[in-house]
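Presented below is the structure to which this report refers.
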Amino acid sequence: MKNDSKNPPLSTAAQYILLALANEDLHGYGIIQEIARQTQGSYRVGPGTLYDNLKKLMDQKLVIDAPRNSRKDNEDDRRFYHLTQEGRAVLSAEIDRLHSIVIEAQSRLRMRRPRNA
């Protein structure tokens, strides 16, 4: 398993934020709701964690402010966030990284090791 130094592993919060934005532009509370939906409530992100991570993701150009014309309701004054192409590529690389971990873990769990006497 190789570690891509260009894309170090994402935090759990960043993973879920990018995944929440993969299908549509969302405002902060919408991201919180989507993460809760994706995880059946087993992982919750609070506003402090959300906005701290969004700032980092925006600084990295993985997330940007959504264009107003792409929103369902142009009258909505809330700030919406949009996953960039780079953000989509980083999310895809992260999914590949996690998948390789799962494959390795499954392989190791299937191996039988001799017992020490």
Side-chain angles (χ1 to χ4, degrees):
M1 196 169 24
K2 72 176 187 169
N3 183 14
D4 186 351
S5 60
K6 182 177 180 241
N7 294 321
L10 295 171
S11 69
T12 302
Q15 290 170 9
Y16 280 116
I17 290 167
L18 294 180
L19 187 57
L21 294 171
N23 284 338
E24 63 181 314
D25 298 342
L26 296 169
H27 52 75
Y29 185 63
I31 295 170
I32 290 171
Q33 289 178 310
E34 179 59 15
I35 291 170
R37 187 198 66 74
Q38 290 171 359
T39 65
Q40 290 88 40
S42 66
Y43 181 78
R44 294 192 184 273
V45 61
T49 300
L50 173 69
Y51 290 109
D52 183 51
N53 277 274
L54 278 170
K55 181 181 179 341
K56 291 175 187 174
L57 294 168
M58 292 179 83
D59 288 347
Q60 297 169 4
K61 307 281 191 263
L62 304 181
V63 172
I64 59 172
D65 284 311
R68 281 191 86 53
N69 61 356
S70 71
R71 299 180 192 170
K72 294 175 186 170
D73 181 2
N74 285 335
E75 300 300 315
D76 197 336
D77 287 336
R78 291 178 287 190
R79 184 176 186 180
F80 279 68
Y81 300 92
H82 176 80
L83 184 65
T84 65
Q85 286 295 76
E86 179 67 16
R88 193 169 295 281
V90 167
L91 178 60
S92 179
E94 182 71 358
I95 291 166
D96 290 345
R97 184 188 72 79
L98 293 170
H99 184 257
S100 68
I101 290 171
V102 169
I103 297 297
E104 180 69 19
Q106 288 172 331
S107 173
R108 287 177 182 241
L109 288 172
R110 280 194 287 266
M111 287 184 192
R112 292 194 65 132
R113 296 181 188 255
R115 292 181 182 225
N116 291 337

Between Arg44 and Ala36, what is the shortest heavy-atom contact and its length? NH1-CB, 4.0 Å
Taking it one step at a time, do Leu98 and Gln15 satisfy side chain to side chain contact (heavy atoms under 4.5 Å, CB included)? CA-CA 11 Å; Leu98 293 170; Gln15 290 170 9; 4.0 Å; yes
Check whether any side-chain heavy atom of Met58 sits under 4.5 Å from a side-chain heavy atom of Asp65, and report yes or no. yes
CD-CZ distance between Gln106 and Arg110, expressed to the nearest 0.5 angstrom: 5.5 Å
For residues Ser100 and Arg97, report the shortest heavy-atom separation together with the two atoms involved. OG-O, 2.7 Å
Would you name the heavy atoms of Thr84 and Gly87 that are closest together and state the gap between them? OG1-N, 2.9 Å
Under the criterion side chain to side chain contact (heavy atoms under 4.5 Å, CB included), I'd like the reasoning laid out for Val45 against Asn53: C-alpha separation, chi angles, the key distance, then a yes or no. CA-CA 10 Å; Val45 61; Asn53 277 274; 5.7 Å; no
What heavy-atom pair brings Tyr51 and Gly28 nearest, and what distance separates the two atoms? OH-CA, 3.3 Å
Side-chain heavy atoms nearer than 4.5 Å, only ILVMFWY residues, links allowed to pass through others: does that put Val63 and Ile95 together? yes
If we ignore hydrogens and angles and just use 3.5 Å, is the side chain of Thr49 paired with the main-chain N or O of Gly46 as donor and acceptor? no
Closest approach of Ala20 to Leu26 (non-hydrogen atoms, all atoms of both residues): O-CD1, 3.4 Å
Cluster question for you: counting only ILVMFWY and a side-chain heavy-atom cut-off of under 4.5 Å, with indirect links fine, are Leu10 and Tyr43 together? yes
Is Leu21 linked to Leu19 within one hydrophobic cluster, defined over Ile, Leu, Val, Met, Phe, Trp and Tyr using a side-chain heavy-atom separation of less than 4.5 Å? yes
Around atom CD of Gln85, are there more than 12 heavy atoms from other residues, nucleotides or ligands closer than 6.0 Å? no
Just by distance, do the side chain of Arg88 and the backbone of Ala22 share a donor-acceptor pair under 3.5 Å? yes
What distance do Glu34 atom CD and Asn23 atom CG have between them, rounded to the nearest 0.5 Å? 7.5 Å
Once you measure the plane-to-plane angle for Phe80 and His27, does it fall in the parallel (<30°), tilted (30-60°) or perpendicular (>60°) bin? perpendicular
The reported gap from CD1 in Ile64 to CG in Leu54 (rounded to nearest 0.5 angstrom) is 12.5 Å
Look up atom CD in Glu104 and atom NE2 in His99, then write down how far apart they are to the nearest 0.5 Å. 12.5 Å
Are more than 12 heavy atoms from other residues, nucleotides or ligands located less than 6.0 Å from atom CG of Asp59? yes
Of Leu62, Leu57, Leu83, which is the lone residue that meets side chain to side chain contact (heavy atoms under 4.5 Å, CB included) with Val90? Leu62
Distance in Å, Ile17 CD1 paired with Ile35 CD1, rounded so as to fall on 0.5 Å steps: 5.0 Å
